Amino acid sequence: MIIIMLGAPGTGKGTVAAILSKELQIPAVSSGDIFRKAIQEKTELGKEVAEILEKGTLVPDELTIKVIEARLNEPDLADGVILDGFPRTIAQAEELESFLGKQQKQVNMAINLETPKEELIERVINRRICSNSDCKTVFNLKLAPPKIDGVCDKCGSPLIQRKDDNEEVMSNRLDAYFKETAPIVDFYKDRGVLESFEVSEKIGRMGTDVASELIEKIRG
Ligand code: AMP
């Protein structure tokens, strides 16, 4: 099964992807995580994309597609994947469709999370992530704080704040989302695979609630 996660930064894509991955036993792959790891390890790719991530703009399609397709060709993803953060442009969505088509595969479900803009900024500023790359549990200082300040509930590792999780960079990330990524929603709607959810404090629905609803639906 191939699932993709759509939604602006801060909607909870990573949270939903992590729960679905665990419950459905499908690996989750985050393009942002791949880039951040490359930056941390100072690889050639890392050097190429570091400044882009710092600014909150998009990595060029050609490079992103090359990196993601190489990852999709790895054997652990042969039976399915949950893609978090890819595709992010129509060109990426079209390329993914043709890449999968060659293997008689297609995107089976595109999960689109929608959150009011003012909540997104608040969520991103308060987001803290477990520094352990095998855990990466996401906390929110206001909505889902850790039991002990600065420490992951699950594995006890220190929590970190992403460098791009600040108001200034977030403004570029939101611009990129609304200009480049939002049109993809219609792309998947046209293909009949779109599942949209409102995620908002206002209606009391968080990423964890969406994940439960989806698991019920998928398991039928
Ligand atoms: P994320 O962790 O999904 O918020 O991604 C962090 C950053 O990585 C983004 O702000 C972009 O600079 C870059 N990035 C991640 N995925 C993509 C993609 N599919 N296309 C272009 N840039 C991306």
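Computed from heavy atoms alone, side chains included, the values below leave out hydrogens, waters and symmetry copies. For ligands, and for the atoms within them, numbers begin at 1 and follow the listed sequence. Not measured: the values here are computed from a predicted model.
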Which residue holds the protein heavy atom closest to [atom], what is that atom called, and what is the gap in Å?
atom: atom 23 (C) of ligand 1; value: Phe35 CE1, 3.7 Å
atom: atom 22 (N) of ligand 1; value: Val59 N, 3.1 Å
atom: atom 4 (O) of ligand 1; value: Arg162 NH2, 2.9 Å
atom: atom 12 (O) of ligand 1; value: Thr57 O, 2.6 Å

What atoms of ligand 1 come within less than 4.0 Å of a heavy atom belonging to [X]?
X: Ser31; answer: 15 (C), 16 (N), 17 (C), 19 (N)
X: Gln92; answer: 18 (C), 19 (N), 20 (N), 21 (C)
X: Arg36; answer: 2 (O), 6 (C)
X: Thr64; answer: 18 (C), 19 (N), 20 (N), 21 (C)

Pairs of nitrogen or oxygen atoms closer than 3.5 Å, one from Gly85 and one from ligand 1: do any exist? yes
Between [X] and [Y] (salt bridge meaning N to carboxylate O under 4.0 Å), is one present in this structure?
X: Lys142; Y: Glu122; value: yes
X: Glu62; Y: Lys66; value: no
X: Arg71; Y: Asp76; value: yes

On a heavy-atom basis, the closest approach of Asp209 and Gly204 is OD2-O, 3.6 Å
Nearest non-hydrogen atom to atom 9 (C) of ligand 1 belongs to which of Lys13, Arg88, Arg173? Arg88
So, is the end of the Arg173 side chain (NZ or CZ) under 6.0 Å from the ring centre of Tyr177 and within 45° of the ring's axis? no
Do Val199 and Arg123 have side chains that get closer than 4.5 Å, going by heavy atoms? yes
State whether the number of non-hydrogen atoms from other residues, nucleotides or ligands found under 6.0 Å of Asp79 atom CG is greater than 12. no
